[in-house]
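As a basis for the values below, the full set of heavy atoms in this structure was taken, side chains included, without hydrogen atoms, waters or symmetry mates.
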Protein chains: 2
Amino acid sequence: MAISPNSDLPGMDDIRDAAERLRGHAVETPLLESPLLNDKLGGRLLLKAEVLQRTGSFKFRGAFNRISRIDAGIREKGVVAFSSGNHAQGVAAAARQHDISAVIVMPSDAPALKIANTRALGAEVVLYDRKTQSREELGEAIAGERGLTLVRPYDDFHVIAGQGTAGLELAMQAKAMGAPLDAVLVPVSGGGLMAGCALAIGDLSPGTEMYAVEPKAYDDTARSLATGERQRIADGAHSICDALQVHTPGELTFAINAKRLSGGLTVTDEQAMTAMAEAFTYFKLVIEPGGAVALAAVLTGALPVRGRTVAVVASGGNVDPDLFRSVLDRPGAEEAS
Amino acid sequence: MAISPNSDLPGMDDIRDAAERLRGHAVETPLLESPLLNDKLGGRLLLKAEVLQRTGSFKFRGAFNRISRIDAGIREKGVVAFSSGNHAQGVAAAARQHDISAVIVMPSDAPALKIANTRALGAEVVLYDRKTQSREELGEAIAGERGLTLVRPYDDFHVIAGQGTAGLELAMQAKAMGAPLDAVLVPVSGGGLMAGCALAIGDLSPGTEMYAVEPKAYDDTARSLATGERQRIADGAHSICDALQVHTPGELTFAINAKRLSGGLTVTDEQAMTAMAEAFTYFKLVIEPGGAVALAAVLTGALPVRGRTVAVVASGGNVDPDLFRSVLDRPGAEEAS
């Protein structure tokens with residue numbers, strides 16, 4: 001697929017069109033704030049609760065939009081996707097709503113909850129070994145053998161446009177709240193949600209700074225933004241953020257993000273877990289580690305909020321109870337003010 | 001205060017007026033559903049996420065509406081309230097938004113989180129011993145001494161109308177989702193939220209059955225509905241549902257509920273805790289024990305969902321991390337499908 005950055009990238013019209021397609025299928029997730037946390041930060045923090053999206057993460061948006069674009073005759077054969085979990089569930093649910101079958105290639109060490117939910121949504125799950133097998137090759141092989149359409153997790157025109165509907169909602173909700181956005185922070189793995197949000201927010205709120213946030217161990221987008229070239233994480237990196245373990249930015253997504261973002265921020269696993277505990281206390285939300293990195297970047301002061309209005313996307317909430325329990329069992333988790 | 005049931009009770013116009021006053025101050029909380037949980041139940045379960053309301057419970061609605069109705073000259077002296085926690089935070093936040101002071105009388109054994117949050121919202125907290133002191137007398141004494149207006153937790157015209165805005169939203173959201181409501185279940189303590197919802201839903205969706213849900217140990221409303229007379233729980237009852245420990249239904253609230261409800265249901269503490277764990281998995285929400293009883297009544301089958309559409313209100317999410325951790329550390333909590 002040849003990519004010419006100025007013509008084959010989605011724009012605002014594509015995001016608006018995706019929003020129309022998603023109406024009545026996706027949840028318009030609320031943009032929340034906590035007066036207590038605002039007091040503590042000395043500014044206004046808005047949180048886009050994509051954990052409340054269908055299947056517990058934003059991924060449903062892009063998957064649904066993408067599947068809705070496949071020609072009906074081809075679509076009825078079904079789709080295939082590879083994913084550590086959230087894209088898996090998003091594709092499975094979107095396929096079910098289109099009444100077609102889905103095969104999902106997942107790493108054998110993905111959270112049990114994500115595997116179980118993907119199966120419960122009616123998808124066929126094919127497990128692979130993250131250390132020895134390539135999910136891309138496996139996914140493409142299955143697609144070829146069975147005539148299935150591959151739904152890529154981020155490097156796809158319609159997937160990016162679909163994820164952009166979260167940014168479209170965010171910008172409109174902030175406007176309705178009388179909260180002009182100084183900055184928006186988005187968790188980044190392949191960069192689809194970030195790119196979609198950057199397009200929508202860049203269009204509706206041009207003065208807003210936008211930042212990608214990653215786990216320190218998977219800072220490929222931050223490094224790529226700093227150098228202007230797509231960088232690659234060496235094998236063997238480890239992070240608790242299972243949803244954010246892509247080794248290099250997408251081609252399409254980086255073409256958008258390199259142009260639109262103010263930069264990349266990183267947080268440690270510890271900081272992500274602290275943010276999960278704070279979200280429990282202040283927002284009554286369950287956020288998974290990868291979904292909490294943007295919030296973490298604000299809570300650690302990596303992006304200052306004092307005297308400003310900053311929005312973060314909480315991108316997913318699919319976390320096993322064991323991990324969540326350990327998050328609540330940490331010093332500071334009880335602190336309420 | 002003399003009560004004539006047919007003239008001094010709020011109606012639909014009062015709820016609509018409250019909704020106008022709350023616009024831009026309260027959160028329009030989402031009505032959520034989980035396709036996976038729907039599959040399991042064989043019906044459609046909608047959950048009104050009042051845990052996402054300002055201060056983590058529905059109480060802000062009634063408190064804000066009530067305070068907005070006090071004559072300005074009297075209001076500026078401040079307000080007083082007694083509460084185990086959620087009403088406390090609701091009144092504290094509503095007082096702060098009206099730029100007036102608030103004194104809150106709280107039991108010394110209320111959850112630490114609720115006491116801390118009430119203080120953090122700028123209220124003066126006066127603790128009392130639940131076993132030896134009367135919070136009503138203490139609250140009224142402070143009101144008299146300092147010239148403060150008492151904001152009752154449920155037995156008040158404008159508080160009921162304010163809580164009714166949750167029911168108004170619920171009915172309109174269900175309609176927008178194309179989900180005609182067969183039944184609505186609401187957690188009940190004094191009955192203000194239930195009465196407000198019964199008025200709104202009874203008006204907008206007259207065929208919908210409505211049920212009060214209580215902890216088994218505090219089943220005063222269920223028994224009162226069954227006998228037609230306000231019953232009283234003996235002292236010494238115990239439940240993990242700290243928000244639902246009122247000993248007898250309110251006078252105004254029971255006048256409404258006795259006329260409108262199909263009946264009262266009860267759940268055990270164990271069942272409430274299981275519902276909290278299910279809400280973690282399926283809705284990514286933090287619900288406190290008392291806030292989870294309506295969901296529990298559906299999950300236990302006390303109110304069947306199969307082939308029907310049933311809505312529950314998740315009324316509050318202010319739970320200490322220790323308790324939430326113990327909820328996740330139970331058999332079945334890991335089960336995802």
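- For residues 45-53 of chain B, a heavy-atom distance under 4.5 Å to chain A picks out B/V51, B/L52, given by residue number.
- For the side-chain hydrogen bond (donor to acceptor under 3.5 Å, both in side chains) test, residues two or more places apart in sequence or in another chain that qualify with A/D242 are A/K114.
- Both the backbone and the side chain of B/L121 come within less than 4.5 Å of a heavy atom of chain A.
- Both the backbone and the side chain of B/P35 come within contact range of chain A, with heavy atoms under 4.5 Å apart.
- Judged purely by atom type and a 3.5 angstrom limit, B/H87 has no side-chain atom pairing as donor or acceptor with the backbone of B/G62.
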Determine whether B/F58 and B/T29 satisfy the following criterion, side chain to side chain contact (heavy atoms under 4.5 Å, CB included), listing intermediate values before the conclusion.
CA-CA 10 Å; B/F58 72 96; B/T29 58; over 6 Å; no

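- A donor-acceptor pair is defined here as one N or O able to donate and one able to accept, closer than 3.5 Å; such a pair exists between the side chain of B/R325 and the backbone of A/L328.
- Among B/L31, B/N318, B/V27, the residue making the largest number of heavy-atom pairs under 4.5 Å with chain A is B/N318.
- By number of non-hydrogen pairs under 4.5 angstrom with chain A, the leading residue of B/E33, B/R54, B/M177, B/E28 is B/R54.
- The closest donor-acceptor contact from the side chain of B/S83 to the backbone of B/A88 lies under 3.5 Å.
- Contacts with chain B (heavy atom to heavy atom, under 4.5 Å) involve these residues of residues 285-295 of chain A, listed by number: A/L285, A/V286.
- Side-chain contact between A/K175 and A/S205 is absent, with no heavy atoms from C-beta onward closer than 4.5 Å.
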Discussion item. Run B/L181 and B/L170 through side chain to side chain contact (heavy atoms under 4.5 Å, CB included) and show every step you take.
Written reply: CA-CA 10 Å; B/L181 295 166; B/L170 196 168; 3.7 Å; yes

Next item on the list: Quick one: do A/K59 and A/L193 satisfy side chain to side chain contact (heavy atoms under 4.5 Å, CB included)? Show the steps, please.
Entry: CA-CA 8 Å; A/K59 289 285 191 179; A/L193 176 63; over 6 Å; no

Using residues 90-102 of chain B as the side-chain source, report each donor-acceptor pair under 3.5 Å to any protein atom, sequence neighbours left out, with the distance given to one decimal.
unit_1: B/R96; atom_1: NH1; unit_2: A/D39; atom_2: OD2; d: 2.7
unit_1: B/Q97; atom_1: OE1; unit_2: B/H25; atom_2: ND1; d: 2.7
unit_1: B/H98; atom_1: ND1; unit_2: B/A94; atom_2: O; d: 2.9

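- Judged purely by atom type and a 3.5 angstrom limit, A/R75 uses its side chain to pair as donor or acceptor with the backbone of A/I67.
- Judged by distance alone, the side chain of B/D269 and the main-chain N or O of B/I240 form a donor-acceptor pair under 3.5 Å.
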